[in-house]
Amino acid sequence: MAAGMEPAIILCRPQMGENIGAAARAMLNFGLTDMRLVAPRDGWPNPKAIAMASGAAGQVLDRARVFPTLAEAMADIDYAYATTARGRELTKPVLTPATAMTDARMRTAQGGRTAVIFGPERAGLENDDVARANAIITVPVNPDFPSLNLAQAVLLTGYEWSRESLPPEPAPHGRRPDGEVPATRIEIEKLADHWEERLSEAGFFFPAEKAPAMKLTLRNLWSRLPLTRADTRIFHGMLRQLVRRD
């Protein structure tokens with residue numbers, strides 16, 4: 001997706017700087033940087049938001065734009081989704097985060113600008129806010145406790161927006177433990193050599209005419225096993241211990 005074409009995240013009348021900062025972190029987790037603030041209660045900039053945002057402050061909060069009204073924040077938006085868990089008398093499509101962001105990706109690919117609107121922490125969006133959106137996003141959660149905090153709601157939206165571009169498996173951070181790293185071909189060859197040598201000394205390959213076929217079978221066994229580096233060390237250690245006891 002082209003840079004600058006991701007959905008705008010509009011926080012309507014946010015009340016606490018900490019929640020704005022947490023929302024910024026959730027946005028950047030999934031590559032979203034267009035934050036728009038509508039009449040933040042405690043003004044802007046907000047030191048508590050910056051502290052909570054941590055590494056997202058420079059890429060999200062420093063670029064955040066502040067607007068006096070929701071209408072002004074949406075001036076360049078072609079299609080907007082309002083997030084709410086409450087029933088509304090307004091007739092609009094009601095989507096999950098997944099279906100909404102699939103729709104947003106389609107609209108963005110066609111050149112449209114989209115936005116997701118989030119309400120203030122205490123009471124959520126008002127009907128006047130929802131009326132300006134084209135569709136509603138509702139998260140299918142436990143009906144006995146449907147409340148999500150602001151950052152959680154932003155995180156769900158960001159994940160669903162980015163999920164098609166995310167790697168299929170979690171990327172490892174830093175050095176992977178040897179229990180997760182596959183053994184190299186050389187490590188497996190050394191392990192096979194070690195066992196073949198010790199088994200030969202113990203007279204395992206008997207009778208002599210069958211020894212080549214037995215060694216071939218054993219060598220093939222080692223190459224078939226999905227061994228990690230830690231596994232090879234364990235097998236080496238087991239064999240050394242057995243030899244010592246003999």
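Atom NZ of Lys92 sits in a crowded spot, with more than 12 heavy atoms from other residues, nucleotides or ligands closer than 6.0 Å.
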Test side chain to side chain donor-acceptor pair (under 3.5 Å) on Thr228 and Asp231 and set out the steps.
-> CA-CA 5 Å; Thr228 67; Asp231 293 334; 3.1 Å; yes

Between Asp34 and Arg63, does a salt bridge (charged side-chain N to carboxylate O under 4.0 Å, His left out) hold up when you go through it step by step?
-> CA-CA 7 Å; Asp34 186 358; Arg63 303 176 185 179; over 6 Å; no

Apply the test side chain to side chain contact (heavy atoms under 4.5 Å, CB included) to residues Leu70 and Ile117: give CA-CA distance (whole Å), side-chain angles for both, the deciding distance (0.1 Å), then the verdict.
-> CA-CA 9 Å; Leu70 178 58; Ile117 308 167; 4.1 Å; yes

Chi angles and distances behind the side chain to side chain contact (heavy atoms under 4.5 Å, CB included) call for Val139, Gln152 | CA-CA 11 Å; Val139 182; Gln152 288 173 329; over 6 Å; no

Go through Ile234 and Met238 one step at a time and tell me if the side chain to side chain contact (heavy atoms under 4.5 Å, CB included) criterion holds.
-> CA-CA 6 Å; Ile234 289 173; Met238 290 165 55; 3.7 Å; yes

Any chance you could lay out the side chain to side chain contact (heavy atoms under 4.5 Å, CB included) test for Met5 and Arg113, step after step, and finish with the verdict?
-> CA-CA 7 Å; Met5 292 301 289; Arg113 291 302 309 271; 4.0 Å; yes

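At least one side-chain heavy atom of Leu155 sits under 4.5 Å from a side-chain heavy atom of Asn29. Between Leu95 and Ile136 the shortest side-chain heavy-atom distance does not fall below 4.5 Å. Counting only heavy atoms from C-beta outward, the side chains of Leu61 and Trp44 approach each other to under 4.5 Å. Contact check for Leu37 versus Phe67: no side-chain heavy atoms found under the 4.5 Å cut-off. The side-chain heavy atoms of Met74 and Arg36, taken from C-beta on, include no pair separated by under 4.5 Å. Between Asn46 and Pro40 the shortest side-chain heavy-atom distance does not fall below 4.5 Å. You'll find the side chain of Phe30 stays beyond 4.5 Å of the side chain of Arg163, heavy atoms only. When side chains are defined from C-beta on, Glu6 counts as touching Thr33, because their heavy atoms get closer than 4.5 Å.
Nearest heavy atom pair, residue Val60 against residue Ala24, reads CG1-CB, 3.7 Å. Residues Pro182 and Glu187 approach most closely at O-OE1, 4.5 Å, considering heavy atoms. Closest of all the heavy-atom pairs between Arg13 and Pro120 is O-CB, 3.2 Å. Contact between Ile77 and Tyr79 at its shortest, heavy atoms only, is CG2-O, 3.4 Å. Between Tyr81 and Ala100 the shortest heavy-atom distance is OH-O, 3.5 Å. Listed here is the closest heavy atom pair of Arg105 and Glu160: NH1-O, 2.7 Å.
For Arg132 and Asp128, the salt-bridge test fails: no basic side-chain N is under 4.0 Å from an acidic carboxylate O. Ion pairing of Asp42 with Lys48 is absent here, as no side-chain N (NZ or NE/NH1/NH2) approaches a carboxylate O to less than 4.0 Å.
Annotation: the span from Asp193 atom CG to Ile186 atom CD1 amounts to 11.5 Å, rounded to 0.5 Å. For the atom pair CG of Asp129 and SG of Cys12, the computed distance is 4.0 Å after rounding to the nearest 0.5 Å. Once rounded to the nearest 0.5 Å, the distance linking CE of Met35 with CD1 of Ile10 reads 11.5 Å. For the atom pair Arg41 CZ and Gln15 CD, the distance stands at 5.0 Å (nearest 0.5 Å). Summarising the geometry, atom CD1 belonging to Ile137 is positioned 11.0 Å from atom OG1 belonging to Thr84; distances are rounded to the nearest 0.5 Å. Atom OG1 of Thr114 is separated from atom CD1 of Ile9 by 8.5 Å, given to the nearest 0.5 angstrom.
Clustering ILVMFWY residues whenever any of their side-chain heavy atoms sit less than 4.5 angstrom apart, transitively, puts Val66 in the very cluster that holds Val154. Residue Phe204 is not grouped with residue Phe206 when hydrophobic side chains (ILVMFWY) are merged at heavy-atom distances under 4.5 angstrom, including chains of intermediate members. Residues Val94 and Leu156 fall into different hydrophobic clusters, defined by Ile, Leu, Val, Met, Phe, Trp and Tyr side chains chained together at heavy-atom separations under 4.5 Å. By the rule that hydrophobic residues join a cluster once side-chain heavy atoms approach within less than 4.5 Å of another member, Leu28 and Ile50 end up as members of one cluster. Residues Leu239 and Leu227 fall within the same hydrophobic cluster, defined by Ile, Leu, Val, Met, Phe, Trp and Tyr side chains chained together at heavy-atom separations under 4.5 Å.
The cationic atom of Lys210 (NZ for Lys, CZ for Arg) does not lie both less than 6.0 Å from the six-membered ring centre of Phe205 and within 45° of the ring axis.
Side-chain contact annotation: Thr99 with Thr96, donor-acceptor N/O pair under 3.5 Å present. With no hydrogens or angles considered, a side-chain donor-acceptor pair links Glu72 and Thr69 at under 3.5 Å.
Below 30°, between 30° and 60°, or above 60°: for Trp222 and Trp195 the angle between ring planes is between 30° and 60°, a tilted geometry.
For Asp78 (side chain) and Gly112 (main-chain N/O), no donor-acceptor pair under 3.5 Å exists by modelled atom type. No donor-acceptor pair under 3.5 Å is formed between the side chain of Glu197 and the backbone N or O of His194.
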